Amino acid sequence: MKIAKLFFPGIYEDAYVYMGRLFILTEQRTILVYDLDKLVNSLEQDSEKRVSGSLPIPTYMFSRNDWLSSSQFKSLLRNLGMYSSFLSAFEQFPQPYFEVDKKDFLLKEQELDISDPVILDTLIYNERLYMGATNGFYQIDITWDKKGPVTLGKTEKKIDARCLSTSARYGTVNASCNEEGLFTFVDDFGWWEQGKSSRMQTLANKSLKTSWIGFDIVNYSGYDHLDLFRSNSEKTQVKLEPEGRVLVGIDSNGQDLSYLFEAVQARYNIPTEKIQFTFNSSNRLFLHTDAGFLHSIQIHSENDIIQLGKAKVSKETTNRILSINSTKLGPVIETSDQVALVLDKNGQIFTLSESGALVVRTFPRSKRFQNMVAIVDDNGVFLVSLFDESEFEKKHFNALKYEEYPNLEEIEDFFR
Amino acid sequence: MCSGKPRGDGILFGPTQSGKLYLSVYYHRQPNRLQDKCIWCIPPAQEYEIFSEADDKNWQDGHGHYWSVHNQGNSPLGTQDERICKFPRTSNSGDSWHGYPVARSRDTPSDDFINNWIENKVISRKIGRDIQRGNL
């Protein structure tokens with residue numbers, strides 16, 4: 001795994017990457033906005049001075065890491081010469097990280113007009129900043145100058161309740177407010193021309209967090225209690241978030257997904273009471289057990305019922321999981337003592353930070369930052385970019401760098 | 001470590017420096033008897049020491065409950081990896097106190113109380129935020 005890091009030292013609370021900008025929430029409740037593209041250009045110039053004609057690694061890793069997974073780029077790297085050039089260019093990137101001088105690339109520092117004791121979660125979606133905080137759920141529109149600084153608009157409180165986490169897709173925004181419930185703002189931007197914009201629905205009486213399976217919302221009222229809320233969607237012409245559809249209605253009767261845990265127990269011998277943490281992406285269910293293994297199980301919808309598919313398990317155990325975030329390469333797990341990537345294809349664990357984090361964020365729905373991780377710890381913000389070179393190692397050097405791992409069915413005796 | 005006196009419902013310790021008695025109750029040590037999973041994973045004598053520290057340092061909230069941690073919140077107190085514990089206010093001033101670890105996002109001290117702990121380095125900012133976010 002090729003890992004490159006940018007480090008922004010300081011006492012920070014949160015960080016978010018969106019449209020080529022890095023947003024950092026400071027302890028003093030201001031927002032710093034960095035120009036990532038300008039920073040990358042500067043790194044490229046420095047790199048060019050050191051090794052003329054080398055491949056633009058900073059761009060690949062921090063500005064367009066979608067290129068790394070494109071078929072064109074993969075095709076290039078199948079050429080041994082190109083692959084060797086890539087490796088030698090990567091070696092020029094400072095390790096363990098490049099420390100960014102605050103002055104050079106900071107576009108703006110702005111006061112945040114939220115006085116709650118703690119900001120609990122942050123999301124930027126469709127040029128709007130959402131914040132879950134101890135006294136409410138807030139939205140702040142961002143005025144976006146593509147070439148200059150961005151400006152935060154007026155803060156609006158959407159809900160007067162402690163908001164633990166938020167998620168958004170297809171024009172719909174969820175606010176998980178623990179015992180006060182799950183509040184969903186359907187078509188929050190008025191994308192559906194025939195509808196009434198931003199209708200708030202209370203979908204559940206308890207919510208710790210939400211995630212998505214396709215167009216449908218998964219509510220976590222506990223780590224072993226998930227409900228699926230089916231939705232209806234319509235096409236939309238809005239181009240900013242490249243999703244193409246907007247939710248126009250959500251069934252208020254959730255489908256209890258407890259049967260999935262029963263199926264997991266029956267099929268994979270993982271008792272529900274041994275599950276410590278649960279998370280899902282659109283096509284995988286992640287379960288971390290008391291024994292320390294992370295199980296990654298395929299899910300798919302069949303006749304409106306979510307079904308389990310093949311499963312994989314992490315190669316090593318980890319401490320209790322505090323959060324899981326998705327990347328294209330696999331889930332990034334946060335424990336009390338590390339942040340690590342669990343590679344989807346074989347369950348191998350790659351440590352990204354050897355200390356606990358205040359916040360871990362990934363951006364799997366973004367175009368340019370799909371394999372990037374933002375880690376905020378006591379020393380600052382690390383932007384971590386990932387590239388899995390194993391398929392090229394295998395092709396060029398016949399080196400089975402990461403052994404293929406069997407499906408869980410084949411190794412379940414090991415856990416008995 | 002202090003030694004306590006066993007009695008029918010637990011082990012009695014104390015008094016603390018301020019004169020409080022503490023009962024390490026058996027029902028927070030027997031997983032089968034409680035459904036809410038707040039079961040200590042540390043010995044009763046350590047449970048008492050943690051209470052004594054909360055009493056000495058006056059880690060009391062506005063409702064009169066005491067709260068505490070061990071090893072700056074880096075060590076688990078309960079079988080579900082709980083990092084903070086609660087000692088609920090007694091009904092009468094002469095009653096012995098008792099306590100239990102608290103599970104994530106269920107019953108935690110106020111945000112200002114946690115922020116005060118962070119400011120005074122009782123716990124790290126990471127542990128504090130994890131408690132406030134309901135992760136611990």
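In what follows, chains carry the letters A, B, and so on, assigned in the order in which the sequence lines appear, proteins first and then strands, with residues in each chain numbered from 1. Please read all numbers here as calculations on a predicted model, not as lab measurements.
- Heavy-atom proximity under 4.5 angstrom to chain B picks out A:Ile11, A:Tyr12, A:Glu13 from residues 8-17 of chain A.
- Under the ring pair (Phe, Tyr, Trp, His ring centres under 6.0 Å) rule, B:Phe87 has a single partner from B:Trp97, B:Trp67, B:Phe51, B:Tyr100, which is B:Phe51.
- Ring geometry for A:Phe137 versus A:Tyr130: interplanar angle under 30°, hence parallel rather than tilted (30 to 60°).
- Using cut-offs of 30° and 60° on the angle between ring planes, the pair B:Trp59 and B:Trp117 is perpendicular.
- Every residue meeting the side chain to side chain contact (heavy atoms under 4.5 Å, CB included) condition with A:Asn325, not counting sequence neighbours, appears here in chain and number order: A:Ser323, A:Val360, A:Thr362.
- Using a 4.5 Å cut-off between heavy atoms, A:Asp377 touches chain B through its backbone atoms (N, CA, C, O) alone.
- Ion pair B:Glu119/B:Arg125 not flagged as a salt bridge, since none of the NZ, NE, NH1 or NH2 atoms sits closer than 4.0 Å to an Asp/Glu carboxylate oxygen.
- By the 4.0 Å N-to-carboxylate-O rule, B:Arg129 lies too far from B:Asp111 to be salt-bridged with it.
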